[in-house]
K.L.:
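Provided herewith is a single structure, encoded as structure tokens, for subsequent inquiry.
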There are 2 protein chains.
Amino acid sequence: MALSQPTRPLSHGDLLARRLGPPVPFGPFEALLLEGLARPARSCPAGDEIGEHGAPLRPRLIRSGWAGAVRTLQDGRRQIFRLLLPGDCIGISATPAALAVSTTLALTPLETVELEPVTAALRDDPERHAALATAFALEAARAEAGLLDHLMRLGRQTALERTAHLLLELRDRLAAVGLGGVTHFPLPLTQEVLADTLGLSTVHMNRTLQELRRLRLLRLDKGQAELLDPARLAGIADYAPPRVSTLGPASSAALREG
Amino acid sequence: MALSQPTRPLSHGDLLARRLGPPVPFGPFEALLLEGLARPARSCPAGDEIGEHGAPLRPRLIRSGWAGAVRTLQDGRRQIFRLLLPGDCIGISATPAALAVSTTLALTPLETVELEPVTAALRDDPERHAALATAFALEAARAEAGLLDHLMRLGRQTALERTAHLLLELRDRLAAVGLGGVTHFPLPLTQEVLADTLGLSTVHMNRTLQELRRLRLLRLDKGQAELLDPARLAGIADYAPPRVSTLGPASSAALREG
DNA sequence: CGCCACATTGATCCTCTTCAAAGCGTGTGG
DNA sequence: CCACACGCTTTGAAGAGGATCAATGTGGCG
């Protein structure tokens, strides 16, 4: 089946390349990656905060596990801004020594790899690592587009629509790094976390998932999600799959050739 | 009074400098600004779309008037992601030839200035315009922080809280370019636009504004807003004024000295 | 004067929240 | 092997916050 959740098929560098690579051809910079990323991943348990709101950013790659960018109101209400999946980067910023605008919370046991050497190289010799810089910039653009999708969900969609939309987004983002296929993917989150992502109460999150099951659109089992009718789900969610890149056709072609 | 809404006191360059400048000392790059921005502003009426979702980005400065970054669902539900005020920039991106992830809609009559020459200069000789690059990067970070604030509003705050929070944000952003003071500022938006920003129905937006008036927190008159008790409003909204910058203290100091 | 966009109001409905309790699965210690 | 605790899911009932529908007011402007 397409339920490919490889134990550890990709090296750190391969994971990053797969995640950032497609539209931009990596060459001289692969070496840099391998050099900087050969070190072992660092682990932390679920619930750990790695990087707090207001603290200096530290660039990291998520090697395995899920995290969330989160902020909490005085009275405890919590909002997750973005779910962070294997292959996602945290703390990359064009501003030197920037401060985190949200807390990063491990939602499952997490393995991360320091990207400091990579960003340092980028800072020291931007010319030489232009492709890398472009890849990171592209990634930032994708992240921003993701935030806008999320705003659309929270501002204008119903609980059912939001949930369908998020499931499709997660499917596509996971597929991009080889985790899961068109219908199956890992979903190791509690309903409380999903609720905090989608701006719902836990109770209503539960009932919304039930509704999706009742409609024969979704199956959940042991941290795995199965989309039984992705097309219908996309209809409900008004979901558009992510563009291949945020580059225009012209420059995209130019990059492929360059 | 602090109700300073100058007719046209600032040059294009001064407006930009005031908006981007504070933490980063502008020097050699002012010249560039003035060179590139001497040209007259271009006007368009309210309702015009300048830059559509999916079209190539074009860098612009809002000289006067308000715009919104917006996206619409198939069925017409609309979400405004970010209100764009005088001094705000549109279409700045680290990726060359990026595509817009949202449509920019003029909410009032609008005057804009092309920033193409500025971004071109940045692209051609990044070394020489490092301060400018930093300023734009900082600005991008601020914009992202603003998106997270907005997500918090839409995901976890009530109509009253959202409205209070947005009003305070607008006050501070306007004050940063000399429009309005601690209690007064221009607010040339219809309730429908506010509703589409805050993820509410027009009717409920109306009632929420009434509630704020009833609580003696807000007065609206002729496109001007008056906050009658900013502190209490901040309490309701759980509002934290924006940090001076997103730079850490160390690098912030370094920049001031450099 | 009459039009038009915008603001306001009333009534009703429904989505979602809240509170409280009960299932369920898994791991732990006795 | 059972008892128990703990985290997560599920269920019920009640209520609030907002949406929706349909008018009515109001002010600026040709």
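Given the structure is predicted, the values throughout are model-derived calculations rather than measurements. Proteins get letters first, then strands, A, B, ... in listed order; numbering begins at 1 in each.
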K.L.:
Residues in salt bridge (Lys or Arg N to Asp or Glu O under 4.0 Å) with Arg42(A), at least two apart?
P.N.:
Glu114(A)
K.L.:
Show every ring pair (Phe, Tyr, Trp, His ring centres under 6.0 Å) that has at least one partner inside residues 42-71 of chain A, sequence neighbours left out.
P.N.:
none
K.L.:
Using ring pair (Phe, Tyr, Trp, His ring centres under 6.0 Å) as the criterion, list what pairs up with His150(B), not counting sequence neighbours.
P.N.:
none
K.L.:
Starting from P on dC6(C), measure out to NZ on Lys222(B) and report it in whole angstrom.
P.N.:
18 Å
K.L.:
Could you tabulate the donor-acceptor pairs under 3.5 Å formed by side-chain atoms of residues 75-82 of chain B, not counting sequence neighbours?
P.N.:
{"residue": "Asp75(B)", "atom": "OD1", "partner": "Arg77(B)", "partner atom": "N", "Å": "3.2"}
{"residue": "Asp75(B)", "atom": "OD1", "partner": "Arg77(B)", "partner atom": "NE", "Å": "3.3"}
{"residue": "Asp75(B)", "atom": "OD2", "partner": "Arg77(B)", "partner atom": "NE", "Å": "3.0"}
{"residue": "Asp75(B)", "atom": "OD2", "partner": "Arg77(B)", "partner atom": "NH2", "Å": "3.0"}
{"residue": "Arg77(B)", "atom": "NH1", "partner": "Arg156(A)", "partner atom": "O", "Å": "2.8"}
{"residue": "Arg77(B)", "atom": "NH1", "partner": "Glu161(A)", "partner atom": "OE1", "Å": "2.9"}
{"residue": "Arg77(B)", "atom": "NH2", "partner": "Glu161(A)", "partner atom": "OE1", "Å": "3.4"}
{"residue": "Arg77(B)", "atom": "NH2", "partner": "Glu161(A)", "partner atom": "OE2", "Å": "3.0"}
{"residue": "Arg78(B)", "atom": "NE", "partner": "Asp196(B)", "partner atom": "OD2", "Å": "2.7"}
{"residue": "Arg78(B)", "atom": "NH2", "partner": "Asp196(B)", "partner atom": "OD2", "Å": "2.8"}
{"residue": "Gln79(B)", "atom": "NE2", "partner": "Asp196(B)", "partner atom": "O", "Å": "3.2"}
{"residue": "Gln79(B)", "atom": "NE2", "partner": "Thr197(B)", "partner atom": "O", "Å": "2.9"}

K.L.:
In whole angstrom, give the distance that lies between atom CZ of Arg214(B) and atom P of dT9(C).
P.N.:
13 Å
K.L.:
Look at Glu116(B) together with Arg60(B) and state whether they make a salt bridge at an N to O cut-off of under 4.0 Å.
P.N.:
no
K.L.:
Of all residues at least two apart in sequence or in a different chain, which pass the salt bridge (Lys or Arg N to Asp or Glu O under 4.0 Å) check with Glu226(B)?
P.N.:
Arg219(B)
K.L.:
At under 4.0 Å between heavy atoms, which parts of nucleotides 6-25 of chain D does protein reach? Answer with one letter per nucleotide, 5' to 3': B base, S sugar-phosphate only, - none.
P.N.:
--SSBBBB----BSBB----
K.L.:
Just the atom pairs and distances: protein N or O near nucleotides 21-23 of chain C's N or O, under 3.5 Å.
P.N.:
none

K.L.:
Considering residues at least two apart in sequence or located in another chain, which fulfil the side-chain contact (heavy atoms from CB on, under 4.5 Å) criterion with Ala176(A)?
P.N.:
none
K.L.:
Quickly work out the Leu187(B) CG to dA7(C) P distance and round it to whole Å.
P.N.:
10 Å
K.L.:
Filter on salt bridge (Lys or Arg N to Asp or Glu O under 4.0 Å), then keep only pairs touching residues 177-193 of chain A, sequence neighbours left out; what's left?
P.N.:
none
